[in-house]
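What follows is a short report on a single structure.
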2 protein chains.
Amino acid sequence: MSLKHALLGFLSYAPMTGYDLKRYFDQSIHHFWNANLSQIYPTLSRMVEEGLLTMEVEHQEDRPNRKVYTITGVGREELQRWLREPLGLSPLRVPFLIQIFFGGSLEKEEMLARLRHHLALHQERLAAYQGPVREVLRQNVEATGLEREGFFWGLTLDAGIQCEEGWLKWCEEAIEKIEAMGDGHDE
Amino acid sequence: MSLKHALLGFLSYAPMTGYDLKRYFDQSIHHFWNANLSQIYPTLSRMVEEGLLTMEVEHQEDRPNRKVYTITGVGREELQRWLREPLGLSPLRVPFLIQIFFGGSLEKEEMLARLRHHLALHQERLAAYQGPVREVLRQNVEATGLEREGFFWGLTLDAGIQCEEGWLKWCEEAIEKIEAMGDGHDE
DNA sequence: GTACAATATATCAGGTCTTATATAGACAAC
DNA sequence: GTTGTCTATATAAGACCTGATATATTGTAC
């Protein structure tokens with residue numbers, strides 16, 4: 001289970017609450033793995049049962065108590081073990097390509113609209129990766145001083161950018177090909 | 001729910017059993033959407049309840065009866081509606097990048113091993129897309145005569161290829177960068 | 001001729017993830 | 001002044017998906 005190991009990873013930097021962890025997810029690995037609080041909380045509880053984490057309650061008066069999670073020795077070992085484990089390729093899940101696959105019955109203009117919309121979404125995402133997302137990463141390296149770690153954080157962002165560039169190129173080529181087609185349902 | 005619409009898509013070509021549908025999935029959209037039989041069967045049942053499909057049992061003596069599913073008018077309408085619906089970008093889920101992200105604590109050689117392994121997997125997959133997968137697609141177009149549909153089937157395969165090429169480039173660049181690093185745990 | 005894989009069909013248990021809901025203070029908008 | 005949104009914390013219901021299991025025939029390997 002990858003979520004478990006992502007949580008171990010962040011908790012190997014410092015003890016945190018589920019809410020803190022969610023913020024780290026959103027800030028740093030959101031471009032290749034997301035998680036909801038409603039998924040993080042029960043997973044943390046399970047990890048305590050498994051001995052990977054310990055939990056301490058910090059009382060607060062004005063809002064719900066903070067449950068601070070700390071990684072155990074067993075947790076660190078498990079993280080190290082998993083980091084060395086060879087993983088297969090993760091299957092893709094792209095609903096948009098289902099629309100394309102069965103798009104034979106749509107008119108040419110409708111298909112073009114779909115593709116142009118998708119192109120715009122990927123352009124936006126690419127711009128975010130190259131701008132604000134890269135910037136947050138840089139700030140995190142500066143704030144923590146984790147130079148070596150930061151190098152690998154950057155690598156994952158490079159992967160996201162490479163991916164987006166691939167999608168952009170594909171969208172552009174697909175649009176060209178469809179524009180070159182005859183009108184209506186034939187070519 | 002995308003699975004539902006993928007099933008509607010295939011059933012818009014011809015009536016089929018769950019088992020048949022699984023074969024189509026594996027043959028044609030496997031590179032961007034997969035589904036198990038254990039997921040397909042209950043989904044088909046639900047779709048009958050929703051009025052999107054009808055089911056007829058064909059008795060067989062030597063093996064379990066065939067349950068043949070046929071798309072209804074309502075089902076066709078729902079498919080057409082969905083094909084025109086703008087979709088957001090699907091979030092990526094790449095466990096391998098979690099390993100990279102938290103890989104700062106691994107030795108250089110261990111990281112290189114991870115990346116080279118991953119590179120080989122993507123090379124394999126790219127070769128499959130360019131060879132056998134493309135060939136099966138061509139045969140399906142020939143067998144069905146669905147020229148226009150085949151064009152869109154091909155587009156989805158192009159997307160898969162583009163994606164794989166992006167990954168290959170990323171892996172190669174990452175390997176170069178890490179090789180250029182000093183030994184041990186620094187810089 | 002016996003073991004193993006593939007074809008053909010399907011269910012069930014359980015794990016993962018999403019969506020909706022709950023509480024409560026602070027702060028901004030209008 | 002009240003509506004909305006943000007910070008901060010968490011649970012519950014249910015949808016979605018994976019992995020294991022079941023059965024019976026046909027074909028392949030040794």
Side-chain angles (χ1 to χ4, degrees), chain A residues 1-8 15-27 29-30 32-50 52-53 55-69 82 87-95 98, chain B residues 1-8 15-27 29-30 32-50 52-53 55-69 82 87-95 98:
Chain A
M1 212 228 302
S2 301
L3 173 59
K4 201 163 92 173
H5 295 100
L7 293 170
L8 283 177
M16 272 181 269
T17 66
Y19 190 86
D20 296 332
L21 282 160
K22 170 62 172 163
R23 277 216 318 273
Y24 274 95
F25 266 76
D26 288 348
Q27 261 186 35
I29 67 172
H30 189 252
F32 60 86
W33 196 277
N34 194 26
N36 297 326
L37 280 169
S38 52
Q39 194 191 347
I40 291 173
Y41 286 124
T43 304
L44 288 171
S45 302
R46 217 162 353 102
M47 289 166 76
V48 171
E49 279 169 37
E50 289 169 17
L52 301 170
L53 308 177
M55 188 266 280
E56 274 182 43
V57 178
E58 275 180 26
H59 284 278
Q60 297 193 126
E61 305 244 309
D62 48 349
R63 53 192 57 178
N65 295 333
R66 286 164 54 82
K67 293 187 184 174
V68 180
Y69 293 89
W82 181 78
L87 295 180
L89 296 183
S90 42
L92 278 189
R93 296 238 139 183
V94 190
I98 303 182
Chain B
M1 209 230 302
S2 301
L3 173 59
K4 201 163 93 173
H5 296 100
L7 293 170
L8 283 176
M16 271 181 270
T17 66
Y19 189 86
D20 295 333
L21 283 160
K22 171 60 172 162
R23 277 216 318 273
Y24 274 95
F25 266 75
D26 288 348
Q27 262 185 35
I29 66 173
H30 189 253
F32 59 88
W33 197 277
N34 193 27
N36 297 326
L37 280 169
S38 51
Q39 193 191 349
I40 292 173
Y41 286 125
T43 304
L44 288 170
S45 302
R46 216 163 355 102
M47 291 167 75
V48 170
E49 279 169 36
E50 289 168 18
L52 302 169
L53 307 177
M55 189 267 279
E56 273 180 42
V57 178
E58 275 181 25
H59 284 278
Q60 298 192 127
E61 305 244 307
D62 47 352
R63 54 190 59 178
N65 295 332
R66 284 163 57 82
K67 292 187 184 174
V68 180
Y69 292 88
W82 182 78
L87 296 179
L89 296 182
S90 42
L92 277 189
R93 298 237 135 185
V94 189
I98 304 183

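Numbered from 1 within each chain, the chains take letters A, B, ... in sequence-line order.
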* To do: Look at the side chain of Asp26(B) and the backbone N and O of Arg23(B), then say whether any donor-acceptor pair between them is shorter than 3.5 Å.
  => no
* So what is the end-to-end bend of the helix from dG1(C)-dC30(D) to dC30(C)-dG1(D), with 5 pairs used at each end and the value given to 10 degrees? -> 40°
* Asked: Using a cut-off of 4.0 Å on non-hydrogen atoms, how would the nucleic acid contact of Thr43(B) be classed: base, sugar-phosphate, or nothing?
  -> nothing
* Rounded to the nearest Å, what distance is computed from the NZ atom of residue Lys22(B) to the C1' atom of nucleotide dT11(C)? -> 16 Å
* Asked: Starting at the 5' end of DNA chain C, which residue's closest nucleotide do you reach first, Tyr69(B) or Arg46(A)?
  -> Tyr69(B)
* **Rounded distance in Å - CE (Met16(A)) to C1' (dA8(D))** => 16 Å
Nucleotide N/O of nucleotides 21-23 of chain C paired with protein N/O under 3.5 Å:
none

* Asked: More than 12 non-hydrogen atoms from neighbouring residues, nucleotides or ligands closer than 6.0 Å to OH on Tyr24(B), yes or no?
  -> no
* Asked: Side-chain N or O of Tyr41(A) less than 4.0 angstrom from OP1 or OP2 on dA10(D)?
  -> yes
* For Leu92(A), check side chain to side chain contact (heavy atoms under 4.5 Å, CB included) against everything at least two apart and list the hits. => Val94(A), Cys163(B)
* To do: Mind calculating the distance between CG (Leu37(B)) and C1' (dC17(D)) to the nearest angstrom?
  => 13 Å
* Asked: Whole-Å distance between dA10(D) P and Leu44(A) CG?
  -> 9 Å
* To do: Specify the separation, in whole Å, of atom CG of Leu3(A) and atom P of dC17(D).
  => 17 Å
* **Donor-acceptor pair, side chain of Arg93(B) and main chain of Arg93(A), under 3.5 angstrom** => no
* **Rounded interatomic separation in angstrom, taking CG from Asp20(B) and P from dT9(C)** => 6 Å
* Could you state the CE-C1' distance from Met47(B) to dA15(D), rounded to the nearest angstrom? -> 15 Å
Using nucleotides 18-22 of chain D, report all nitrogen or oxygen pairs with the protein that are shorter than 3.5 Å.
residue: dT18(D); atom: OP2; partner: Asn36(B); partner atom: ND2; Å: 3.4
residue: dG19(D); atom: O6; partner: Ser38(B); partner atom: OG; Å: 2.5

* Asked: Is there a side-chain polar atom (N or O) of Arg66(B) under 4.0 Å from OP1 or OP2 of dT9(C)?
  -> yes
* **Residue-phosphate contact under 4.0 Å: Lys4(A) side-chain N/O, dG15(C) OP1/OP2** => no
* **Separation of atom CE in Met1(B) from atom C1' in dA15(D), rounded to whole Å** => 8 Å
* Asked: Quick one: is dA8(C) close enough that its OP1 or OP2 comes under 4.0 Å of any side-chain N or O from Arg23(B)?
  -> yes
* Residue list, salt bridge (charged side-chain N to carboxylate O under 4.0 Å, His left out) with Lys67(B), at least two apart or on another chain -> none
* Ion pair present between Lys4(B) and Glu50(B), side-chain N to carboxylate O less than 4.0 angstrom? -> yes
* All ring-ring contact (aromatic ring centres under 6.0 Å, His included) counterparts of Trp82(B), not counting sequence neighbours -> His5(B)
